[in-house]
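Worksheet for the structure shown next.
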Amino acid sequence: MSIKIRKASKEDAKFLAQMILLSSRADKKIGIFDVVFNYISDEKLIENIEKLTITTIKNYCHFSNFLIAEIDSKCVGTLCSYEPRIATQEAFLDSLKEIGSEVNTDEYKEIFQQCDFNQNKCTLIFDFMEEVEGFIDVGILKALMQKSLLAARLKGYRIAQAVVEIGSLETLLFYKTLGFKEIRQKECEIYREKFGRNGLVLLETEF
């Protein structure tokens, strides 16, 4: 089974939206995008996230930040890597204005402010590492990460970080098998209230 890794394009917007939603919920009933878009239906939610991936502003969901894994020309996985000095919170909020959807920015800002790690702007951030059901544990995520780290090296990065929910044991374990180490935990009451998880874990790797 051969895995092909490629850069995402605008044509991948719907697939990226589906994977972003899946990753953000992480086996929870709702995730951050449910909050941002006022708890609308999954169909409308995917439409809005799809628009976010192709805005003129380069937010952290932008298609240009993604790699896609393919097997037999079928999209089977994603990994996002973005530069926090470019894909800022302000860029995300401006992207929400650009797509013109009704959004819940106050609740989003409150969660962000209380639960943010204030990460170093000189690191690279990994997010939305996800694979399609039926293709789990066939090496997709490892292939995506290896390709992403190689691209990061070429850009001059030597440190990468990822944020995972406390209690997401499988995701935490997988990142650790890839060389990431837990450097900080942040318990967050509003996160517990909204999503039923105690907070977040900051992971880091040097390469």
Side-chain angles (χ1 to χ4, degrees), residues 1-24 26 49-50 52-55 57-88 91-92 95 117-165 168-184 200-207:
M1 189 179 291
S2 177
I3 302 169
K4 177 186 174 184
I5 307 296
R6 64 170 175 84
K7 290 183 177 181
S9 69
K10 284 185 177 181
E11 288 67 36
D12 298 306
K14 186 165 187 177
F15 176 69
L16 293 177
Q18 292 167 342
M19 299 303 272
I20 288 169
L21 180 59
L22 182 64
S23 178
S24 67
I49 299 172
E50 187 176 347
L52 267 184
T53 69
I54 55 173
T55 53
I57 300 162
K58 196 172 179 181
N59 66 82
Y60 76 109
C61 301
H62 198 265
F63 77 88
S64 60
N65 294 325
F66 279 83
L67 290 179
I68 287 180
E70 290 183 334
I71 294 177
D72 297 331
S73 299
K74 175 182 172 63
C75 295
V76 293
T78 58
L79 179 60
C80 171
S81 61
Y82 66 91
E83 300 171 89
R85 63 186 178 81
I86 296 173
T88 60
F92 181 70
S95 294
F117 283 106
N118 296 313
Q119 290 143 286
N120 187 328
K121 300 300 182 187
C122 295
T123 60
L124 193 70
I125 308 297
F126 286 117
D127 206 345
F128 307 126
M129 182 171 66
E130 198 61 61
E131 52 196 344
V132 172
E133 189 175 352
F135 291 89
I136 295 171
D137 296 333
V138 296
I140 291 166
L141 299 184
K142 186 175 181 180
L144 283 163
M145 183 62 74
Q146 287 173 341
K147 187 76 170 181
S148 289
L149 290 174
L150 178 59
R153 261 189 221 103
L154 294 174
K155 288 182 179 178
Y157 284 97
R158 293 295 178 267
I159 297 174
Q161 294 181 333
V163 176
V164 176
E165 291 173 336
S168 294
L169 299 181
E170 282 189 24
T171 306
L172 278 166
L173 180 61
F174 188 78
Y175 268 112
K176 288 178 179 180
T177 63
L178 294 172
F180 283 77
K181 294 180 181 178
E182 186 176 323
I183 59 171
R184 208 182 321 161
L200 302 167
V201 179
L202 181 64
L203 302 167
E204 183 174 284
T205 186
E206 294 186 33
F207 52 93

As an exercise, state the distance from CG of Leu16 to SG of Cys61, rounded to the nearest 0.5 Å.
9.5 Å
Counting the benzene-type ring for Trp, do Phe180 and Phe174 have ring centres under 6.0 Å apart?
no
Output the distance between atom CG (Leu141) and atom CG (Leu79), rounded to the nearest 0.5 Å.
8.0 Å
Contact summary for Ala13 and Thr53, nearest pair of heavy atoms
CB-OG1, 3.4 Å
I'd like to know if the side chain of Thr88 reaches the main chain of Arg85, judged simply by a donor and an acceptor atom lying under 3.5 Å from each other, with no hydrogens or angles considered.
no
Ignoring hydrogens, what is the shortest heavy-atom contact between Ile49 and Leu21? Give both atom names and the distance.
CD1-CB, 4.1 Å
Which residues satisfy the side-chain contact (heavy atoms from CB on, under 4.5 Å) test with Ala151, sequence neighbours excluded?
none
So, do Gln161 and Leu202 sit near enough that their side-chain heavy atoms are less than 4.5 Å apart?
yes
Evaluate salt bridge (charged side-chain N to carboxylate O under 4.0 Å, His left out) for Lys7 paired with Asp12, printing each intermediate quantity in order.
CA-CA 10 Å; Lys7 290 183 177 181; Asp12 298 306; over 6 Å; no
Salt bridge (charged side-chain N to carboxylate O under 4.0 Å, His left out) between Glu182 and Lys176: does it pass, once the steps are laid out?
CA-CA 8 Å; Glu182 186 176 323; Lys176 288 178 179 180; 3.6 Å; yes
To check you understand the geometry: which heavy-atom pair defines the closest contact between Met145 and Met129, and what is its length?
CE-SD, 4.0 Å
I'd like to check Thr78 versus Phe15 (side-chain heavy atoms, cut-off strictly below 4.5 Å). Are they in contact?
yes
With rounding to the nearest 0.5 angstrom, report the CG to CZ distance, Leu67 to Phe126.
9.0 Å
So, taking the atom named CG in Leu150 and the one named NZ in Lys155, what distance separates them when rounded to the nearest 0.5 Å?
11.5 Å
For the backbone of Met19 and the side chain of Ser23, can you confirm whether one donor and one acceptor N or O come within less than 3.5 Å of each other?
no
Examine distances only and state if a side-chain atom of Arg153 and a backbone atom of Phe207 form a donor-acceptor pair shorter than 3.5 Å.
no
By side-chain contact (heavy atoms from CB on, under 4.5 Å), which residues pair with Lys181, not counting sequence neighbours?
none
Is there a donor-acceptor pair closer than 3.5 Å between any side-chain N or O of Thr205 and the backbone N or O of Gly179?
yes
Between Thr171 (side chain only) and Val164 (backbone N and O only), is there a donor and an acceptor less than 3.5 Å apart?
no
Identify the heavy atoms of Lys142 and Leu178 that sit nearest to each other, and give their distance.
CG-CD2, 4.1 Å
Nearest heavy-atom pair of Cys75 and Ile68: which atoms, and what distance?
SG-CG2, 3.9 Å
With distance as the sole criterion, is a donor-acceptor pair present between the side chains of Glu83 and Tyr157 under 3.5 Å?
yes
Would you say the side chain of Ile20 lies within less than 4.5 Å of the side chain of Asp127, judging by non-hydrogen atoms?
no
Counting only heavy atoms not in Glu170, do more than 12 fall under 6.0 Å of its CD?
no
Which distance, rounded to the nearest 0.5 Å, do you find between the CG of Leu144 and the CZ of Phe66?
11.0 Å
Under the criterion side-chain contact (heavy atoms from CB on, under 4.5 Å), I'd like the reasoning laid out for Glu50 against Lys14: C-alpha separation, chi angles, the key distance, then a yes or no.
CA-CA 5 Å; Glu50 187 176 347; Lys14 186 165 187 177; 3.9 Å; yes
Short question: side chain of His62, backbone of Thr55 - any donor-acceptor pair under 3.5 Å?
yes
Give, for atom OG of Ser24 and atom CD of Glu165, the distance between the pair rounded to the nearest 0.5 Å.
9.0 Å
Between the main-chain N or O of Leu52 and the side-chain N or O of Asn59, is there a donor-acceptor pair closer than 3.5 Å?
yes
Test side-chain contact (heavy atoms from CB on, under 4.5 Å) on Val201 and Leu172 and set out the steps.
CA-CA 9 Å; Val201 179; Leu172 278 166; 4.0 Å; yes
In short, Leu124 meets Ser81 closest at the heavy-atom pair CD2-CB, 3.9 Å
